[in-house]
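Worksheet: one structure, shown below.
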Amino acid sequence: MQYNSSEIEKKWQNYWKENDSFEPSEDFTLDKKYILSMFPFPSGRLHMGHVRNYSISDALARYHRQQGKNVLHPIGFDSFGMPAENAAIKNGSHPKGWTYDNIDYMKNEFYSLGFSFSRKREMATSDELYTKFEQSFIIDMYEKGLLYREKGMLNWCPNDQTVLANEQVVDGCCWRCDTPIEKKDMNQYYFKITQYSDELLDDLKELEKGWPKQVLTMQENWIGKSNGLAFDLLFDDTSLSILDNKFKSFDVFTTRPDTIYGVSYTALAPEHAIVTYMIENKLLSDAVIAEITKMKNTSSIDRQKVKEGIALGLNVVHPLTGKTVPVWIANFVLMDYGSGAVMAVPAHDDRDYDFAKKYDLPINAVIKAKDAESDVSKTAFTDAGVLFNSGEFDGLNSKKSQYNIIKMFEEKKIGAKTTNYKLKDWGVSRQRYWGAPIPFIHCEDCGLVMEKKENLPIALPDDVEINGEGSPLENHPTWKNCKCSQCGKEAVRETDTMDTFVQSSWYFLRFCASPETLEKAAFTKEEISYWMGVDHYVGGIEHAILHLLYARFFTKVFRDLGYLDFDEPFDKLLTQGMVLKDGTKMSKSKGNTVDPDAIIEKYGADTARLFILFAAPPTQELEWNDSAVEGSHKFIKRFFDRASNIVKTDTKPKIDHNSLNKEEKLARKKVYEALKRSEEVFKERYTFNTMIAGVMEAMNALNLQSNADVWSEGYWILASIMEPVIPHTCWDISMEYFSLNNLSKQEVVEEVFVEDSITLGVAINGKNRGEIEVTPQTSKDEILALAKEKVAKYLEGKTIIKEIVVPKKLVNLVIKG
RNA sequence: GCGGAUGUGGUGAAAUUGGUAUACACGCCAGACUUAGGAUCUGGUGCCGCAAGGCGUGGAGGUUCAAGUCCUCUCAUCCGCACCA
């Protein structure tokens, strides 16, 4: 029979569909595995990155199914989001129609790749049912004080006409369309993720075993915790009167209290309240005000280029020395970190140093390296060291003095130990249509009120005009009109929708809902406790911060709301590498994409899957290679053709190992080595490439012998090992020869590893010089004798000073002369 | 600047605790069969050298009987963060 991929693959895809082959059991006493790939946005078609992502999770899912585990391997679509609206603007489609057409198309692609998803749990986050439960959670979070509305300076993307979260601003530009971000003062909803800063940071420790270090570090940096001293700088009398006593002081934060005696100026962010006050009350000249305004309007990228400052003509009093210190505005001081003001120590901070050089401010060194002279004539000395010119703290090292100085500030009640975070609250409102509406109502009398839960979902209207100008919901003639949920008066619905990251922050919990639960609840606690945490979460590293941080946050929030009782959602995280072609990421704009559909049509899904898992370990980048794809296809053909050597059987053939010849024994050994390797790979290493190589070696060894039983046993095992990778081919072979009985856990047979003869390497001074054949019984002396004989010519005229025999490995003779 | 990773044949990559470096594949070369095909099968293939032999895991040192693997320094590339006080 000839290998016909499309015939075989269609046959088995139908079989799996008709038999509900991959539906998890609702029997919660079974051992479970929850295998999840990050769900896709329904962009239209699958790309190779998707194929890689799901090939990995599908292999894991199929393996654990074979091992008898109850496996949940679901698929859904992260289906809200801007591209649907952009497509609507571009070609007049409706976001909903566009989205669901894409979902249908991509689902077909998924199933034509043979992925073993639970079909009964398919969903899309734009489904009204999903919105309904999400809105309910949002209300819970608002009641808990974890969601709030506030006016603030926000990141506004003028192209997408919407607000972006800090996390969605990349190099000062929109993460989606690269347009430079503008600042806008607006009302916006925020999740209080900062309330969980410490927990999000501390619990990273729990994840050390299962998550890549890189991701943990990225999250750690993003949260950006730093400890230090916060204290007030008091204005001197002249300054007080300039400010009309409106401000007595301002707050600064430092992580280097040990440098405090080196403070020679202080700096405020241009957005600081004191600066704003001085502008509003014309306490500065028009020229200076113009300069400050210009500074404020400079984009954050440009602001990083050159340090600029303006002296304010104010002075504060140094809290320890009592000397006056000038107050400046500096463009490098950020309003949204700490208090928006800093003490400047040019001698021991690079930024302060540059600034002081530029504006000719004093540079007072107070720290020096141990046993060295202080020198800050060329650069700042930013290391820790020993204090001098620091009053009573002279001679102490940085660490010790930091502790002492903070203690002194606290005793004098002029400052306190303080912790700062880079992490900001998560702004979630978007002024767009294709998202989940925020279920709130603005009532003239009652203010901001929540919709009643029984009225959920607050669904999107279908009849909208999407033209890229303003919020379509805001512009809709009637949608926002509603009754206040408290007083019943005419009121106005919130027209902002939620960031799509809200949906992806809990979808993995939704998948736990059984088909019976689906309509009734988001999930039940019983289902969650059974299925969570996700045993294997597979996805791209690009989600290392945003999605994974938000999902962790939601898990903790849901825990505190009583919906679940664990702290972290994802036990193991596998971050797959990118798929490259010609050395760069596949992308439409570069024109170097390979269409999965075309590969499936030409070679079949199994070939695509085999190539993708064989070409590189999953965490590494994968370079697409057409001829290697061809090679994978050839292997499958060979694997299929040589199955004709099998004798049909319903049970694994029994073989008397001792009666076999050398080639037959080797073949069996290679087969079981491959089996051992596969166990390791699926349990610990995930290097599918080495597992596949092992199977290829076993195939090569089988081909060098002709014992029908050895062939049959070999295929019994190999088809089982390969089923997670090339399922269609393996099910076909298995059905034809083994009545599908071999697709289950296989036991290793140890007898095949007992060696009749062992090859030892013989080395002289560590250099390999030959090989000898011995048996397991050969004594050490005999081995040495054989070895010396083998390499006699190298030993002539030399003295052996050491003899090392490493059992089953090698002999090393150390010689001299 | 800070953090994380990676560096092995012509290419993708193996090498579990230090123990015969380059498994498996792609490519290339040769041969067989042939309906002369980009099919299939068989064999060869780290580099230099006619050979003996030498050299080889980014580079330089070190530990060891033995180092891709451990230690120190260094170079290159990629990724993330970045004026975070």
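To find a chain, count down the sequence lines: A is the first, B the second, and so on, and within it residues start at 1.
The shortest distance between the side-chain N/O atoms of A:Gln620 and the OP1/OP2 oxygens of B:A13 is below 4.0 Å. Side-chain nitrogen and oxygen atoms of A:Asn700 include at least one within less than 4.0 Å of the OP1 or OP2 phosphate oxygen of B:A25. Taking only side-chain nitrogens and oxygens, A:Asn689 comes nearer than 4.0 Å to OP1 or OP2 of B:A14. One finds a side-chain N or O of A:Arg685 lying less than 4.0 angstrom from the OP1 or OP2 phosphate oxygen of B:A15.
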Problem - Which nucleotides of RNA chain B pair, in dot-bracket form (Watson-Crick or G-U under 3.5 Å, | meaning another strand) - result: (((((((..(((......[....)))((((((.......))))))(((....)))..(((((..]....))))))))))))....

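Between the side chains of A:Ser197 and A:Thr194, no donor-acceptor pair of N or O atoms lies under 3.5 Å. Looking only at atom types and distance, the side chain of A:Tyr672 has no donor-acceptor partner in the side chain of A:Glu750 under 3.5 Å away. When only modelled atom types and interatomic distance are considered, A:Tyr337 and A:Ser226 share a side-chain donor-acceptor pair under 3.5 Å.
Between A:Glu542 atom CD and B:G4 atom P there is a gap of 21 Å when expressed in whole angstrom units. Counting to the nearest Å, the P atom of B:A15 and the CE atom of A:Met691 are 14 Å from each other. For A:Lys422 and B:C81, the NZ to C1' distance is 6 Å, given to the nearest whole Å. Rounded to an integer number of Å, the gap from CD1 of A:Ile541 to P of B:C79 is 13 Å. At whole-Å resolution of the value, CD1 in A:Ile692 and C1' in B:C24 are 10 Å apart.
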Please tabulate, one pair per line, each protein N/O and nucleotide N/O from nucleotides 41-49 of chain B that are separated by under 3.5 Å, including the distance.
{"from": "B:U42", "atom 1": "OP1", "to": "A:Asn703", "atom 2": "ND2", "distance (Å)": "3.4"}

Interface polar pairs with nucleotides 51-62 of chain B, N/O, under 3.5 angstrom:
{"from": "B:G53", "atom 1": "OP1", "to": "A:Lys793", "atom 2": "NZ", "distance (Å)": "3.1"}
{"from": "B:G54", "atom 1": "OP2", "to": "A:Arg769", "atom 2": "NH1", "distance (Å)": "3.2"}

Restricting to nitrogen or oxygen on both sides, can you table the protein-nucleotides 63-69 of chain B pairs closer than 3.5 Å?
{"from": "B:C65", "atom 1": "O2'", "to": "A:Asn812", "atom 2": "ND2", "distance (Å)": "3.1"}
{"from": "B:C65", "atom 1": "O2", "to": "A:Asn812", "atom 2": "ND2", "distance (Å)": "2.9"}

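Between A:Trp328 and A:Phe355, the gap from one ring centroid to the other is short of 6.0 Å.
For A:Glu308, the salt bridge (charged side-chain N to carboxylate O under 4.0 Å, His left out) test picks out no residue, with sequence neighbours left out. Legend: residues meeting side chain to side chain donor-acceptor pair (under 3.5 Å) with A:Lys205, ordered by chain and number and at least two apart, are absent. For A:His318, the side chain to side chain donor-acceptor pair (under 3.5 Å) partners at least two apart in sequence or on another chain are A:Thr321. Residues forming a side chain to side chain donor-acceptor pair (under 3.5 Å) with A:Asp349 (at least two apart in sequence, or on another chain): A:Arg351. Residues passing the side chain to side chain donor-acceptor pair (under 3.5 Å) test with A:Thr607, sequence neighbours excluded: A:His633.
Residue A:Ser226 is in sugar-phosphate contact alone, with no base atom involved, counting any heavy-atom pair closer than 4.0 Å across all strands shown. Residue contacts shown for A:Phe614 include a base, since a base heavy atom lies under 4.0 Å away. Counting non-hydrogen atoms under 4.0 angstrom, A:Pro617 reaches the backbone sugars and phosphates but no base.
Without hydrogens or angle criteria, A:His348 side chain to A:Ile367 main chain gives a donor-acceptor distance under 3.5 Å.
Residues A:Thr382 and A:Tyr353 have side chains not in contact (no heavy-atom distance under 4.5 Å, counting atoms from C-beta outward). Using a 4.5 Å cut-off on side-chain heavy atoms (C-beta onward), A:Met722 and A:Asp606 make no contact. Counting heavy atoms from C-beta outward, A:Asn592 and A:Trp624 have side chains that stay 4.5 Å or more apart.
Every pair passing salt bridge (charged side-chain N to carboxylate O under 4.0 Å, His left out) that includes a residue from residues 249-264 of chain A is listed here, sequence neighbours excluded: A:Arg256-A:Asp258. The stretch residues 326-347 of chain A participates, sequence neighbours left out, in no salt bridge (charged side-chain N to carboxylate O under 4.0 Å, His left out) pair at all.
Out of B:A82, B:G3, B:C24, the shortest distance to the side chain of A:Trp222 is found at B:A82.
Glycosidic conformation at B:G9 (O4'-C1'-N9-C4 for purines, O4'-C1'-N1-C2 for pyrimidines): syn, within 90° of 0.
Salt-bridge annotation for A:Glu803 and A:Lys788: present, with a side-chain N of the basic residue lying under 4.0 Å from a carboxylate O of the acidic one.
Only A:Glu680, listed by number, bring a heavy atom of residues 666-682 of chain A to less than 4.0 angstrom from any atom of RNA chain B.
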